[in-house]
Each structure stands twice: as structure tokens, then as C-alpha cells.
Amino acid sequence: MDRRKLIGGMLLLTVFGAMLLLPPLVYVFNQPITHFGIPQIVFYLFAVWLLLITGMALLTRALPPDANGSGPGEGER
Amino acid sequence: MLSADFVIATAVGYVGLLFVLAYLGDRRARTNAKSFLHSPAVYTLSISVYCTSWTFYGAVGNAARSGLEFLTIYLGPTLVFVGWWFLLRRLVRISHNQRITSVADLLSSRFGKSNRLAVLITCIAVIGIAPYIALQLKAVTSSIQAVAGASAFGRGSLTGIDDVGLAFGVAAGMALFTILFGTRHVDAKEQHHGVVAAIAFEAVVKLTALVAVGVFVVFVGGGFENIFSAAAQAGVTVDAEETFGARWLTTLGLSVAAIVCLPRQFQVTVVENSDENHLRVASWAFPAYMLLMSLFILPIAVFGLTTMPAGSNPDMFALTLPMSFGQDALALFAFIGGFSSATSMIILESIALSIMVSNHIVMPLILRLSPAGRGDGQGVTSLLLMARRFSIVLILSLGFFYFFFTRDSNALAPIGLISFTAIAQFFPSVIAALFWREASLKAATAAIAAGFVFWVWCSFLPSFESVSPQVAMLLDRGPWGISWLRPEAMFGLDNLDPLAHAAFWSILVNVLTLTIGSLLTGQSALERVQASVFVDVFKRGQISRGNFVRGSATANDLFFVAERVLGERRAAALFETEARDSGVDPDMLEPSPEFIGRLERELAGSIGAASAHVMLSKVLSGSDVSLEEMMQMADETQQVIEYSQQLEKTSAELRSTAQQLEDANAQLRELDSQKDEFLSQVSHEVRTPMTSIRSFSEILLDADDIDEGQRQHFVGTIHQESLRLTKLLDEILDLSALERGERTWDNVPVDAEAALGRALTVCEALLRQRGVTVQQGERAPAAVVEGDADRLCQVFINLISNAVKYNDSEAPVMRISSSVKAGKFVVDIADNGPGIAKGERKLIFEKFARGQRGAADQSGAGLGLAISRQIVTRMNGSLDLVQGPLPGACFRVRLAVLK
């Protein structure tokens with residue numbers, strides 16, 4: 001995939017991940033419902049967390065590594 | 001039952017193990033640069049020093065007291081690491097380029113290498129971290145007390161020692177340990193591989209311990225569902241109603257700032273980073289580590305609340321739950337886990353802080369007090385180490401005193417959040433340093449100072465409420481009865497949670513001062529240079545020009561300075577490299593501005609950017625950069641030139657790409673035209689027989705008066721032509737299959753000599769019919785090759801019939817010879833025909849290529865040689881036209897003989 005698109009994906013994941021953890025979106029799942037005795041919101045928070053981890057793992061895997069980490073910059077964005 | 005003495009002995013033994021690990025790790029990392037200690041896994045684990053005993057004990061307590069709020073402490077860092085590309089990568093790149101050693105160094109370097117700012121940040125960090133250290137001391141003390149209190153053996157040697165004495169012992173032990181650990185030598189990059197190895201090990205221990213306790217609790221509680229429903233029956237619920245309010249936002253925001261700005265996090269994430277690409281792994285692995293860490297916290301808290309007697313300290317559930325079930329081994333493991341998380345935090349935090357104190361406070365003082373030229377060899381290095389040892393003691397003492405004064409407050413997590421709020425004051429300036437060119441030194445200094453003042457007033461001071469009646473009164477009524485200055489209700493904002501209140505006001509004042517201040521004040525020339533170095537780090541790559549332009553100092557003067565800081569060996573190596581690179585004798589070395597710049601960065605690695613700058617300025621006294629020179633460096637013209645060079649480079653790259661594309665296009669067009677040619681040739685070949693078939697069949701259909709003889713002739717022709725068509729189509733199919741790489745046979749060992757003999761037999765009739773004399777050359781004995789007998793025979797028949805067909809000589813002769821030479825079976829088939837004209841030699845193996853002379857002979861489509869060559873190639877052999885013994889053409893087949 002295109003490098004720029006992958007970086008765009010990272011930005012989206014970060015920003016949208018933050019939005020999912022903040023009011024008002026978090027209220028959507030904060031209902032007094034329990035699954036298996038555990039409040040729904042617990043499942044929701046851990047699911048978002050897991051989504052961020054797997055999303056990032058996939059994105060960084062697809063992103064080609066920098067040729068030389070501390071060498072001259074490659075002209076970003 | 002565990003006894004207190006046994007637990008303490010285990011802890012001391014564990015520390016000894018860590019020391020051995022650190023020692024071995026240090027040795028290993030030095031001798032082997034590719035060691036696993038430089039792997040992303042160890043890097044990620046070392047970042048996990050973020051999970052301290054706050055996590056191990058405090059998070060459980062926090063979950064028991066306020067439900068899900070504990071999660072924010074880990075969700076904030078998760079967001080920072082998920083967004084690593086935008087913040088951490090930039091931070092790491094800049095810090096590598098500039099040899100940054102701490103967050104104070106980062107900001108001081110960005111804002112014109114100002115030492116005053118570095119001192120301010122160092123002081124705030126030391127004071128702000130004190131509660132955090134106190135938290136660790138409190139956690140370790142409480143955990144030892146929890147074991148001792150439950151012990152049947154009584155308190156052992158702890159008899160008569162109270163919390164304070166115990167905490168003092170822990171602090172003193174930690175100080176000693178950290179000094180032994182982290183101040184053995186001064187590294188130019190401030191990297192401590194041994195310590196990092198030990199921290200990584202502790203990260204594994206604490207995670208395993210907490211997960212073990214969690215699994216045990218889930219097992220004893222009969223599964224997640226049972227734990228939660230039993231809790232619900234007992235009236236314990238996870239209250240999520242009020243969770244997502246101001247506190248949720250505040251703690252999330254503070255943890256985002258903390259993961260970047262906490263001195264120890266900056267140390268492990270940025271300074272100890274040996275490869276920028278390690279961030280890729282850490283970006284998801286560190287959040288995953290925190291997720292695992294938090295997974296069981298809620299069950300442990302809920303189960304503890306349900307089963308433990310009322311009034312037990314929820315902070316200690318991870319330890320007391322296994323004990324109450326008589327699981328001593330697990331309890332001991334949990335204790336070691338909690339101890340691990342506390343020690344790793346204390347070690348790294350005090351190392352990081354001591355570097356800041358020695359580089360930004362002690363070094364500049366020494367420089368100011370000592371004359372520039374004093375060259376006393378190793379002096380500075382040993383002084384630096386002494387300063388660090390002293391600061392470690394100071395830092396742990398501050399932590400101990402904070403513990404001493406606030407020991408009555410119960411919970412762990414709120415103490416940690418006080419530190420987070422203090423450290424968060426650096427965050428706006430760090431962000432501005434990385435992204436905002438206009439941010440100025442004056443504004444940043446004022447912003448951090450103002451934020452700190454608000455923190456002291458709104459967060460630090462109120463934490464002494466329980467020990468000091470004066471503070472309690474201040475909280476209640478405000479200073480001198482001014483109610484709008486009450487620490488927890490500034491400007492009358494009294495319905496906000498105290499933490500959210502303190503964070504809100506301090507950060508608001510901080511950000512406003514920074515932004516408005518930067519717009520109102522100007523930057524010095526050096527600030528402007530550094531601002532563009534920081535903000536444009538990815539635009540123009542590494543900027544290696546020095547900030548000193550004229551070098552009136554001799555190499556000797558500089559060497560004295562370098563020797564004092566770096567030690568003789570490193571300094572000598574640095575100067576020798578420079579002399580070698582510029583091709584002069586070391587004694588004759590003229591320090592160039594670039595070299596002085598490099599030297600400054602090298603020194604900055606040991607003593608911080610500001611100190612290095614001051615030091616070199618003193619040596620080059622009188623030759624410190626003039627304003628004009630500085631302006632020249634930051635001159636826009638310069639920038640324009642650099643940009644245009646960059647553009648030129650880019651457009652050259654574009655040109656070469658375009659050229660490559662054009663070449664590829666030409667190739668494609670060539671292939672396309674070949675395909676067209678092939679099609680037209682095929683249709684031509686098909687058309688000729690088709691025409692005769694059609695015309696003859698039309699005659700047969702229309703005319704009734706044809707005699708039998710003629711009819712026979714016509715039908716015969718039609719038959720012959722359709723046979724030719726079939727043969728042609730077969731050949732085309734055969735060839736295209738071969739060209740596509742399909743092989744309709746398996747390569748098996750066959751006797752090639754026998755195949756040649758068989759081909760000769762098949763062609764015997766043809767040869768006799770044309771009256772061709774066959775000369776037998778030397779013949780090889782049986783030769784086994786990899787291939788298919790029938791296909792090989794087909795190749796030989798084709799070559800023999802070609803030799804016959806195209807031979808218009810009066811006395812046609814064909815010569816066949818075969819031999820085994822150097823592991824190859826070689827067959828030559830030569831004739832005395834007209835041969836193949838020079839211009840056609842390349843073409844004859846192409847499709848539909850026929851020798852000019854053969855054009856009249858319509859019996860072949862010109863695919864034979866192409867097919868033959870393909871077949872031989874598929875048998876890993878070759879078919880070529882060679883100079884033969886006869887005047888005509890000579891074809892040579894070569895196949896590898898099987899041993």
C-alpha cells in the first residue's frame with residue numbers, strides 16, 4: 001500500500017482511537033447492561049484498546065522501514 | 001506462613017540477582033553491538049518501567065475505590081504510542097541528532113541552549129517526582145508490613161521498627177543500589193545497557209506476577225462471571241455512572257503528557273533508544289503489555305472487596321488475597337513483582353534525574369568557578385560521577401521526606417497523579433519545541449514557571465492537608481481569608497474535582513503564557529537556528545553545521561577541554577579521526593567550524609547542550625559567534641539555497657524515474673509489435689492452405705462435369721492442405737505451450753545417443769529419396785541425459801530434415817557426429833548446403849523464420865527450429881548454429897550428461 005495512505009491510517013487510528021475513549025462517544029456504550037456479569041463498558045474499553053493494538057501492529061508491518069534510522073531525513077509528507 | 005525476615009532476605013537476594021544481570025548486560029552490550037540487548041523486545045520491555053508499584057498495587061486500589069478510572073493511566077500512553085509516527089519518532093530523531101540526554105536538555109537545546117531553562121526544569125522535575133518516589137517507598141513499606149502483620153512468626157527483626165524506619169531503610173538501600181548500578185561510568189550518549197537489561201527482566205517479573213495473581217483470583221473466584229455476580233450480591237459494583245467526567249479527561253491527558261515527559265520515560269524511550277525502528281514494535285507491543293497488565297486488575301479489586309474483611313487496604317489486595325488463601329509461594333511471588341516494579345522505577349528515575357542535576361546544575365557551576373584552561377585529565381569525569389551520586393541521595397531523600405510528611409494519606413494512586421501534574425507542565429513546551437518555530441525561550445521559561453507555581457499551590461500544597469493544620473486552614477479559607485485564592489477552588493471554581501482543578505488551571509496558565517508570550521517576545525539568533533533544526537528535522541535531514549564559525553582556538557586548547565570531559569582515550573580518538581579525515585598531522589590540526597560543532601555535540605552527550613556550549617565558548621573566548629555570523633547562518637538566503645539544492649536532487653530523481661518508465665514503455669511496445677507480427681504471420685500461414693482448400697472445394701461443389709481423375713486430384717490436394725494446417729496449428733500450440741513454460745513431459749534419464757540413432761532411422765527414407773550421402777563422424781558411446789526420448793528424437797529429426805530440405809547442392813552431403821566432452825553430450829549435424837546468410841543467423845531460431853532459400857519449399861511453417869530450441873532449453877541444454885566441418889550450416893545440440 002501507499003506509504004502516505006498508511007501514515008494517514010495511523011493518524012486516523014490515533015485520532016479516532018482517542019475519540020472512542022472520550023465523551024460523548026464513550027457514553028454510547030456506557031449503559032447499565034452487563035454481559036456475563038461484567039458491565040458492558042468494560043468490554044467496550046478493552047475492545048477499543050485491542051483494536052488500537054492490532055490496528056497499529058498491522059499498519060507498522062505494512063509500512064516499509066526507514067533505510068537508516070538516524071541518518072538524513074527522507075523528506076516527510 | 002511467610003515471615004518478614006524471609007521476605008526481606010528474598011528481596012535483597014533479588015536485588016543481588018538484578019545487579020549480576022546489569023553487570024553481565026553491560027559487558028555483553030559493550031562487546032557485541034548486535035546483542036539481543038539492542039532488540040526491539042528489550043526496548044519495549046524497558047519502556048514498561050512506566051508500570052510501577054502504582055500499577056501493581058495502586059491500580060487495584062484505584063479500581064476498588066473509583067472503578068474504571070485506573071484505565072486512563074494506560075490508555076493515554078497507548079494513544080501516544082499508537083501515534084508514534086507523529087510525536088515519538090520526531091522526538092527520537094531530534095534527540096539522536098542533537099545528542100539529547102534528558103527532557104531538560106531537550107528544551108534547553110531547543111530554546112537557544114539556555115542553561116537557565118535547564119536549571120528550572122531540573123528543579124521542577126526533582127521536586128515534582130518526590131511524591132512519585134514516595135509512592136514507591138510507601139508501596140514497598142506497606143507490602144512488607146502486610147506480610148509481617150499476617151505473619152505467625154511475628155515481626156522478626158522488624159520488631160520496634162515503624163513505617164518511617166522501614167521506609168528509611170528501603171530508601172537508603174535503594175540509594176546505595178542505584179549508585180552502584182547507574183554511576184559506574186559516564187557514557188557519551190548516557191546509555192546504560194546493563195540497567196536497561198535489568199529493567200527489562202523486572203518488566204517480565206512484574207507482569208508474570210500480576211498475571212499469576214489474576215489467574216489465581218479468577219480460579220478461586222470461579223471465573224469472571226462468578227466474581228462479578230458474587231460482588232453484585234455483596235453490594236460491590238463497578239460504578240461507571242460518574243466515571244467519564246472531568247477526572248477521566250484529566251487523568252487521560254496527564255498520562256499522555258507523563259509518558260513523554262517523565263524523566264525516566266524520556267530516558268528509556270528516547271535516550272536509551274539505539275535504533276529508531278524499534279519504535280515500530282514498541283508502538284503496539286507496549287500498549288499490549290499494558291493491556292495484559294490491566295486485564296486482571298478489575299477482577300482482583302472486585303474479588304478483594306467481596307471477600308476481604310472490611311477495612312483492609314485495597315492497595316494491597318494483590319498481595320493479601322493470596323496470603324488469605326494460604327498461598328505463600330504465590331504471595332512471595334506477588335511481593336517480588338511489586339518490589340520489581342518499585343525498584344525499576346526508583347533506579348531509572350533517580351538515574352535520569354541525577355543526569356539532569358549533574359549536567360545542568362553542577363557542571364555549569366564548576367565551569368563558572370574554574371578557569372578555562374585547567375587541564376586536569378580525568379577531573380571532570382570523576383566530578384560528574386560524584387555529582388550524580390550526590391543527586392541520587394538527594395532525590396531519594398526528597399522522596400523519603402515527602403513520604404514522612406504525608407504518610408497518613410492512604411491511597412497510592414492520588415500521590416502519583418500529583419507528580420504527573422507537575423511533569424505535565426513540560427508537555428506544552430515539548431510540543432511547541434517540536435512543532436512550533438515561533439516558540440521563544442522567554443515564553444517557555446515563563447510558561448513552565450507559571451504552571452509550576454499553580455501546581456505547587458493547587459496540587460502539592462493540599463497534599464499536606466492531613467499533617468499540617470495551617471494547610472488545612474488555607475484550603476478552607478484561602479490565604480489571609482481571600483476566598484478566591486483557595487488552593488482547591490481558585491477564582492471560585494469550587495465544584496471541580498481537586499485533581500481536575502489543579503491540572504486545568506496549571507495547564508491553562510502554562511499554555512496561555514507559552515502562546516501569548518511567544519507571540520509577544522522575539523527569539524535570539526541561536527534560538528532561531530535551533531528552532532529550525534528541531535522543526536525541520538525531517539525536511540533537511542541532519543544539520544551538521546557548527547554554531548561556532550571562527551576558530552581562533554588551537555586544537556590543543558580544544559583537546560584539553562575534550563580530555564577533561566570525555567577522558568583521554570575518547571578525546572584522542574576523536575581528534576585522530578578528524579586529523580585523518582582532513583589529511584593532516586594530528587599536531588597540525590586546524591579546528592574547523594564543523595569539527596568544533598561535532599565536538600560540542602560530543603560534549604553535550606556527556607554534560608548537556610547548554611554546558612557544552614558554555615564550555616566551548618570559554619575556550620574560544622573572543623571567538624564566540626558574533627550576531628552577524630549567527631544571522632548569516634539562519635539567513636533566509638541560506639535556507640533558500642538549501643531548499644533549491646533539495647529540489648534539484650528531487651527533480652534529478654524524477655528525471656531518472658521518467659527515463660526508466662520510458663524504457664519500460666519502449667520494451668512493452670516492442671513486445672506488442674512482436675505479438676502483432678506473430679499474428680499476421682500465423683494468419684498468412686493459415687491463409688495459403690485455406691485458400692487452396694476453399695477454391696478446390698468450390699470447384700468440386702459447382703462443377704458437375706469433372707472427371708474422376710481430376711476429382712481425385714482435387715480431393716487429394718484438399719486432404720494434403722488440411723494435413724498441413726493441422727500440423728501448423730499443432731506446432732503453434734506446441735510452441736506456445738513451451739514458451740509459456742509448460743512442459744508436456746517429465747525430464748527423466750534417457751539415452752540421447754539412442755534417440756539420435758532412432759531419428760536417423762526415421763529419416764532414412766527421406767535421405768534416400770533425396771540422394772543424400774550421410775557421413776558418419778565419430779560417435780559417442782551411450783550417453784544418459786535428463787530429458788524425454790520422444791521430444792529429443794523430434795529435435796534430431798527436425799535438424800536432419802532441415803539439413804536435407806534446404807540443401808540444393810548437386811551432391812548433397814550430411815555429416816553427423818556426437819561426442820561427450822567435459823560432461824556434455826554434443827551432437828553436430830552439418831550439411832554442405834548454401835548455409836545461412838550472416839544476417840539471418842540471429843533470426844533463424846525465431847518463429848516463422850525460414851532461410852531465404854527454403855522460402856520456395858512450402859512444407860514447413862518455420863516453427864521447427866523455434867520449437868526445437870525450446871525443447872532443448874527445457875532439458876537444460878542448448879541448440880546453436882556453429883561453424884561446421886562442411887561448407888553449409890551446422891547445428892549443435894548440447895546436453896549435460898548425468899553422472
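Order of the sequence lines sets the chain letters (A, B, ...), proteins ahead of strands, with each chain counted from 1. Just so it is clear, the structure is predicted and the values come from calculations on it, not from any experiment.
Across every non-hydrogen atom of A:Leu21 and B:Trp248, the tightest pair is O-NE1, 2.8 Å. The minimum heavy-atom distance between B:Glu225 and A:Phe36, with the atom names listed, is CG-O, 3.1 Å. Scanning all heavy atoms of the two residues, the minimum distance from B:Phe86 to A:Ile7 falls at CZ-O, 3.6 Å. Residues A:Thr14 and B:Leu79 approach most closely at CG2-O, 3.7 Å, considering heavy atoms.
Looking only at distances, no side-chain donor or acceptor of B:Trp85 sits under 3.5 Å from a matching main-chain atom of A:Leu11.
Contacts of B:Ala288 with chain A are made by both backbone and side-chain atoms, with heavy-atom separations under 4.5 Å. Contact of B:Ser283 with chain A is made through backbone and side chain together, with heavy-atom distances under 4.5 Å. Heavy atoms closer than 4.5 Å to chain A are found nowhere in B:Phe286, neither backbone nor side chain. At a 4.5 Å heavy-atom cutoff, the contact between B:Leu252 and chain A is made by side-chain atoms alone.
Using bins of under 30°, 30° to 60° and over 60° for the plane-to-plane angle, the ring pair A:Tyr27/B:Phe244 lands in the perpendicular bin.
A distance of 5.5 Å separates CG in B:Leu295 from CZ in A:Phe46, rounded to the nearest 0.5 Å. Here the straight-line distance linking atom CG of B:Leu298 with atom CD1 of A:Ile38 works out to 8.0 Å at 0.5 Å rounding.
Between chain A and the options B:Phe81, B:Tyr74, B:Trp284, B:Phe224, heavy-atom pairs under 4.5 Å are most frequent for B:Trp284. For chain A, the option among B:Ala285, B:Ser229, B:Ser294, B:Ala232 with the highest count of heavy-atom pairs below 4.5 Å is B:Ser294.
Annotation: side-chain contact (heavy atoms from CB on, under 4.5 Å) contacts of B:Thr251 (sequence neighbours excluded): B:Glu69, B:Thr72, B:Ile73, B:Leu417, B:Leu499.
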Contacts table for residues 52-59 of chain A: side-chain donor-acceptor under 3.5 angstrom, sequence neighbours left out:
{"from": "A:Thr54", "atom 1": "OG1", "to": "A:Leu50", "atom 2": "O", "distance (Å)": "2.9"}
{"from": "A:Thr54", "atom 1": "OG1", "to": "A:Leu51", "atom 2": "O", "distance (Å)": "3.2"}

